[in-house]
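Here's the structure we're looking at; comments come further down.
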Amino acid sequence: MLLYLLKPKNTHLEKDIVAEKKMSPYKDKPYLVFWIAMFLIGFCFMQYFSTLPIFYNEKYHLTEKEIGYLLAMNGFVIFLIEMPVVHYLDKLKMDEN
């Protein structure tokens with residue numbers, strides 16, 4: 001149905017592709033490194049967003065609403081600064097090639 005709706009010009013099914021060897025994901029080192037990194041990043045992310053509001057409340061006596069605004073402003077500032085900088089650096093890289 002999706003192929004019918006999109007109407008691709010050159011579609012063909014590749015039936016000749018065969019998996020070479022079924023390998024256990026626990027023996028795939030890049031895969032394990034990826035999952036360990038994702039676990040550590042997720043752990044730090046959860047720690048940050050669960051303890052930072054408590055710190056702001058106890059230390060600076062901010063309300064939940066103020067803490068929410070502060071965290072939202074943080075994300076908005078990252079969006080306003082980081083995105084244009086990354087775009088600019090990407091354009092510089094493309095101009096060099």
Side-chain angles (χ1 to χ4, degrees):
M1 181 70 174
L2 185 62
L3 290 176
Y4 176 74
L5 291 173
L6 295 177
K7 299 177 186 173
K9 295 177 183 174
N10 298 325
T11 60
H12 61 280
L13 298 174
E14 296 185 18
K15 296 179 182 178
D16 298 336
I17 297 176
V18 179
E20 295 172 8
K21 178 182 162 186
K22 292 184 180 180
M23 186 171 80
S24 170
Y26 302 112
K27 293 181 182 176
D28 188 3
K29 291 192 191 289
Y31 178 74
L32 291 176
V33 169
F34 168 77
W35 276 107
I36 290 170
M38 288 297 103
F39 174 77
L40 293 174
I41 290 169
F43 186 78
C44 293
F45 181 81
M46 292 304 294
Q47 285 292 315
Y48 177 76
F49 280 106
S50 62
T51 57
L52 190 67
I54 296 170
F55 171 75
Y56 284 153
N57 188 349
E58 291 179 359
K59 180 79 173 173
Y60 298 109
H61 306 291
L62 297 177
T63 64
E64 286 185 26
K65 192 174 188 179
E66 293 169 333
I67 294 169
Y69 285 144
L70 188 61
L71 292 176
M73 186 180 67
N74 180 31
F76 190 66
V77 168
I78 288 172
F79 171 75
L80 286 178
I81 294 173
E82 183 182 355
M83 296 299 180
V85 168
V86 168
H87 180 69
Y88 174 74
L89 293 175
D90 192 36
K91 280 214 168 255
L92 282 180
K93 183 180 175 185
M94 292 179 105
D95 291 339
E96 289 177 359
N97 293 333

Side-chain heavy atoms nearer than 4.5 Å, only ILVMFWY residues, links allowed to pass through others: does that put [X] and [Y] together?
X   : Y   : result
I41 : F34 : yes
M46 : L71 : yes
V77 : M83 : no
F49 : L62 : yes
M73 : F79 : no

Smallest separation among heavy atoms of Y48 and P53, with atom names
O-CD, 4.1 Å
Heavy atoms only: give me the nearest E66-H61 pair and the separation to one decimal.
OE1-O, 4.3 Å
Kindly compute the distance separating CD1 (I36) from OH (Y31), expressed to the nearest 0.5 Å.
11.5 Å
Can you confirm whether Y26 is buried at OH, in the sense that more than 12 heavy atoms of other residues, nucleotides or ligands lie under 6.0 Å from that atom?
no
4.5 Å side-chain heavy-atom contact, I67 and L70:
no
Aromatic plane relationship, Y60 with Y56 - under 30° parallel, 30 to 60° tilted, over 60° perpendicular:
tilted
